[in-house]
Amino acid sequence: MNSPIPDALLGPADVRELAAALGVRPTKQRGQNFVIDANTVRRIVRTAGVRPDDVVVEVGPGLGSLTLALLEVADRVTAVEIDDVLAAALPATIAARMPERADRFALVHSDALQVRELPGPAPTALVANLPYNVAVPVLLHMLDTFPGIERTLVMVQAEVADRLAAAPGSKVYGVPSVKANWYAEVKRAGAIGRNVFWPAPNVDSGLVSLVRRSEPLATTASKAEVFAVVDAAFAQRRKTLRAALAGWAGSAAAAEAALVAAGVSPQARGEALTVEEFARIAEAAPDRGTAAAPRKDPEEQQR
């Protein structure tokens with residue numbers, strides 16, 4: 001392949017010029033903060049371990065800063081963008097700045113939460129600067145929908161990064177921590193300063209690495225059954241599991257029986273349990289098959 005032209009990546013002036021030409025003002029509603037530093041996007045690609053044979057899916061490419069850096073290395077990049085103006089402009093930006101790689105790029109103009117399929121080969125990696133307000137739901141949806149994604153690196157609000165990578169027993173361990181761990185080994189992979197964004201956010205950002213489990217979690221319970229227990233346990237996280245799971249099990253006594261059968265103390269709290277322990281509780285549900293369906297947890301995005 002031809003090496004990209006040296007100045008193919010977007011710098012601060014390029015980003016502002018592009019935004020001005022498109023009449024784009026970053027909106028808080030969509031959590032838009034554009035990366036304006038070429039060294040940062042190259043660092044993200046390096047940290048993600050993107051290889052020349054990778055098919056990368058990127059969510060929320062914005063003006064294309066990270067997209068161009070991914071195209072320098074990956075075999076193919078598919079970007080999912082919800083914003084009408086940004087989605088319309090991105091292919092032209094790729095063609096202008098990296099013409100020799102333009103045929104390796106595809107755009108999907110959609111809400112990432114609605115995406116069920118992608119053009120071309122199945123993605124092997126997910127690399128994204130995720131909008132803060134939908135980071136966790138988007139991450140979990142992509143991991144669930146595209147099982148071929150082996151490696152993920154996302155840039156999210158530092159607080160969300162901490163929650164995703166938290167271990168049992170941590171004060172910030174919660175729904176995102178357990179659900180992400182269902183799919184992958186999760187860890188913090190670095191911090192990102194505020195000055196590499198335009199506009200500069202009023203919060204710090206962090207990188208989170210997720211490497212998909214080589215074998216699915218060993219359990220006879222379905223993901224829906226396990227996630228139902230997780231949602232119930234953290235909906236009332238200050239309560240003991242005997243009390244928190246009473247609604248899920250039908251009664252506190254039934255919850256206690258399931259917990260004992262799973263080898264979990266009824267006096268424990270959800271924040272102390274591993275995903276494997278949640279799976280054992282799901283397996284011990286009083287009435288497998290009619291256990292409560294996972295509900296939409298209003299705190300799930302940020303807990």
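Throughout, residue positions are numbered sequentially from 1 according to the sequence presented.
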Backbone of [Y] reached by a side-chain donor or acceptor of [X] within 3.5 Å:
X	Y	answer
Y173	V178	no
E81	D83	yes
D54	V56	no
S65	V35	yes
H141	A112	yes

Compute whether any side-chain donor of one residue and acceptor of the other, for T67 and E58, lie under 3.5 angstrom apart.
yes
So, T219 versus E283: side-chain donor-acceptor pair below 3.5 Å or not?
yes
pair [X]-[Y]: side-chain heavy atoms closer than 4.5 Å:
X	Y	value
V208	L153	no
I281	W248	yes
R101	L70	no
L241	R269	no
V50	V127	yes

Looking at residues at least two apart in the chain, or sitting in another chain, which of them share a side-chain hydrogen bond (donor to acceptor under 3.5 Å, both in side chains) with R280?
none
For the pair [X] and [Y], find out whether any cationic side-chain nitrogen is under 4.0 Å from an anionic carboxylate oxygen.
X	Y	result
R97	D14	yes
E276	R213	yes
R212	E150	no
D144	K223	yes
K171	E271	no

Within 6.0 angstrom of E185 CD, more than 12 heavy atoms from elsewhere:
no
Just do the side-chain contact (heavy atoms from CB on, under 4.5 Å) check on I192 and F197 with the steps written out, would you?
CA-CA 9 Å; I192 299 287; F197 294 98; 3.8 Å; yes
